[in-house]
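This structure is a prediction, so every number in the text was calculated from the model and none was measured. Throughout, protein chains are lettered first and strands after them, A, B, ... in sequence-line order, and every chain is numbered starting at 1. What you see below is based on every heavy atom in this structure, not just the backbone, and it leaves out hydrogens, waters and symmetry mates.
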Number of protein chains: 2
Amino acid sequence: MKITVKDIARLSGVSKGTVDRVLHNREGVSRKSFEKVMKVVRESGYEPNIYASLLAKHGKRVLALLLPRSGKADYWTLVDAGADKAAAAASNFGVDVKKIVYDQYSLDAFRSACKEALDLNPAGVVLPPMFKEETKVFAGRLDELGIPYAFVDSRIEELNYMAFYGMPAFSAGYLCAALLTDNQNVSAVGAVRVRRDKEGLSDPTVTRRNGFIRYLDEHFPDKKKAAVFIDPSDPGSIEPALDGFFESNPDISHLVMFNSRLYLITDWLEKHPERKLRVVGFDNLEANVAALKKGLVTALITQRPEQQIAGAIDALVNLLVLGKGPQKRDNFMHMDILTRYNAD
Amino acid sequence: MKITVKDIARLSGVSKGTVDRVLHNREGVSRKSFEKVMKVVRESGYEPNIYASLLAKHGKRVLALLLPRSGKADYWTLVDAGADKAAAAASNFGVDVKKIVYDQYSLDAFRSACKEALDLNPAGVVLPPMFKEETKVFAGRLDELGIPYAFVDSRIEELNYMAFYGMPAFSAGYLCAALLTDNQNVSAVGAVRVRRDKEGLSDPTVTRRNGFIRYLDEHFPDKKKAAVFIDPSDPGSIEPALDGFFESNPDISHLVMFNSRLYLITDWLEKHPERKLRVVGFDNLEANVAALKKGLVTALITQRPEQQIAGAIDALVNLLVLGKGPQKRDNFMHMDILTRYNAD
DNA sequence: ACAATTGCCGTGCCCGTGCACGAAACGAAA
DNA sequence: TTTCGTTTCGTGCACGGGCACGGCAATTGT
């Protein structure tokens with residue numbers, strides 16, 4: 001037997017119109033009525049019926065979602081898929097999720113995506129803070145407009161974001177090193193990298209690398225570390241790059257890759273079983289999982305991107321619909337270890 | 001611009017009352033009207049507004065939840081916690097989840113719990129099929145009454161359950177063996193067990209053990225396997241039991257435990273670091289995770305019991321509220337690998 | 001033939017909330 | 001006192017769907 005506005009109106013001797021004004025603290029209520037109503041509201045523990053509420057204000061609210069996209073399959077593909085599911089759930093709550101996709105390597109694309117998002121006049125925004133300075137500018141604008149926003153993937157701590165859902169990147173790197181070297185005879189560790197220039201980017205792979213190196217320094221301080229750079233935009237160059245790398249570093253027994261593009265080197269791995277490399281990487285892209293199942297890769301560390309994006313969207317939806325902020329602002333999500341036997 | 005019953009009524013030239021009768025396939029509709037309406041419904045892709053629906057039939061439905069419980073912390077503690085969260089979510093959809101807790105070792109307790117559940121006159125039931133024969137009887141009764149039910153943890157395949165959420169127990173055992181022995185010098189493998197008599201029980205630990213043994217047979221066919229039984233109800237007996245076991249099996253290097261009570265032996269492990277045992281177990285009970293973080297245990301395989309119970313409850317809620325069955329009847333959930341570095 | 005039953009169907013109210021419109025109450029100026 | 005402007009408040013409809021009630025027509029019974 002839930003209490004309703006009508007009950008409150010009766011108990012406090014006013015009309016439901018007045019109760020409504022008090023509950024939404026709109027103007028036009030005398031001090032006396034206000035307090036009478038508030039008293040009853042508090043004492044009765046009134047909670048609005050969200051169904052009736054959503055039904056009455058049939059107005060759709062828009063939630064903008066900024067997503068980077070490169071041409072090829074990568075981490076963001078997974079996020080994208082998760083976003084669709086979360087969007088379906090959100091539409092049940094009268095919230096319309098609009099995806100805005102931009103080229104992850106282009107600052108201009110990011111800028112115009114921000115502009116596009118603002119043009120939607122959104123009630124909330126979800127984005128990974130890809131470009132640090134530009135994100136700050138955008139966030140400042142959102143703050144001005146009073147639009148809440150949530151970060152996924154990584155965060156910029158000094159900003160006024162409502163919630164963050166992502167991986168503890170440093171720990172992930174640390175874990176990665178532990179998995180890679182656990183009980184092994186480590187001779188030398190190699191890393192495959194994609195981009196040299198990371199300045200101005202808010203990129204968890206950098207932090208992962210730091211965590212990784214920390215573990216090595218703690219457990220194998222004197223072991224050799226080496227890195228090779230490959231160019232994803234030029235697939236033909238990858239094989240020679242790796243060949244060269246292993247020629248000049250024949251002692252490498254363990255290999256790591258901090259971004260999601262592990263699949264770029266699996267062809268090479270398949271051709272060189274004689275190296276008996278132990279390999280650990282990140283993110284459960286289909287191609288990566290396939291390599292895992294083949295035994296080319298020992299383990300993948302994954303972060304359930306679907307849950308991250310869903311968490312961020314849900315948090316914003318709850319804020320918009322129920323007016324309730326999230327319990328935790330920073331939500332570091334579980335790092336999952338995938339081996340060939342639990343890849344599902 | 002969503003389509004409503006009124007739209008359908010207009011488009012098919014009948015009244016919304018008739019549309020309503022068609023949508024809920026109640027009687028009192030002529031063949032002709034029925035088909036006219038159905039045609040429009042299909043073509044328009046009509047979906048009811050669940051808020052309006054819930055608002056109109058404000059009737060609460062009850063969902064019964066049977067949960068075993070022993071005195072001590074175990075796997076079911078985690079399930080219980082997850083159930084509370086899922087129940088909160090369900091109450092948003094006008095479904096009242098009632099927990100019925102019974103002693104997991106008592107058949108009588110299970111029986112009376114079933115009776116209690118039926119007395120609630122529930123619209124649905126969620127339960128782990130702990131006692132096989134009794135569960136069959138109960139399920140038969142539910143089938144008679146037309147009450148849908150969902151299994152968690154394990155399932156009885158021949159029954160008419162609506163959905164199952166659980167772990168692929170055989171694969172879990174297989175994975176467990178892979179984790180335990182991966183790249184190790186295995187001399188002999190020991191198992192710690194709790195109950196000797198499993199007949200009449202529907203218990204995933206048995207299947208886990210089978211999966212475990214399969215892996216060993218495939219990869220280390222000639223290695224020795226040994227088992228020790230401990231009695232959880234008599235904590236004092238545990239240490240001597242283990243002492244005796246390792247005295248007569250000094251070559252054991254790897255240890256496994258198939259149920260959730262790994263914490264029962266962590267004291268002993270802590271006292272015997274000289275054995276350098278590699279240990280793998282199941283379920284993220286707090287005590288188990290603590291042992292993991294201390295380094296006493298190498299890895300835990302966990303099954304996110306909160307998500308299992310939540311999945312089962314959600315499936316039933318969706319059925320009750322939206323009238324939609326689940327996409328998949330059997331939902332094998334991801335096995336999570338926990339090490340000291342991703343225990344959170 | 002008319003009355004009674006049955007099969008189909010439309011109307012209208014209800015759920016709890018949001019919000020527009022206009023009425024009442026009040027004070028101040030004429 | 002009348003008039004006008006504010007402030008404050010109540011009324012009533014809308015949202016979309018569930019469901020009871022009663023009406024109309026076709027059929028059956030006498």
Measure from CD on E47(B) to P on dG16(D) and round the result to the nearest Å.
15 Å

Send over the distance from N25(B) CG to dG17(D) P, rounded to a whole Å.
17 Å

Taking atom types as they are modelled, is there a donor-acceptor pair under 3.5 Å from the base of dG10(C) to the side chain of R21(B)?
yes

Distance below 4.0 Å between S33(A) side-chain N/O and dC9(D) OP1 or OP2:
yes

Whole-Å distance separating the NZ atom of K32(B) from the C1' atom of dA25(D):
13 Å

L54(B) atom CG is separated from dG16(C) atom C1', nearest whole Å, by 13 Å

Row check, Y161(B) ring normal vs R155(B) NZ/CZ: under 6.0 Å, within 45°
no

Checking all strands, does D20(A) fall into the base, sugar-phosphate, or nothing category for heavy-atom contacts under 4.0 angstrom?
base

Taking atom CZ of R31(B) as the centre, report whether more than 12 heavy atoms of other residues, nucleotides or ligands fall under 6.0 Å from it.
no

N or O in side chain of Y46(A) less than 4.0 angstrom from dT17(C) OP1/OP2
yes

Sugar-phosphate, base or nothing in reach of F34(B), heavy atoms under 4.0 Å
nothing

In whole Å, what is the span from the NZ atom of K6(B) to the C1' atom of dC13(D)?
12 Å

Using whole Å, report how far NZ of K57(A) lies from C1' of dC13(D).
19 Å

What is the distance, to the nearest angstrom, from the CG atom on D7(B) to the C1' atom on dC15(D)?
13 Å

Does the side chain of T4(A) get closer than 4.0 angstrom to OP1 or OP2 of dC15(C) through an N or O atom?
no

Stepwise salt bridge (Lys or Arg N to Asp or Glu O under 4.0 Å) test for K85(B) and E306(B):
CA-CA 8 Å; K85(B) 276 192 203 160; E306(B) 323 84 32; over 6 Å; no

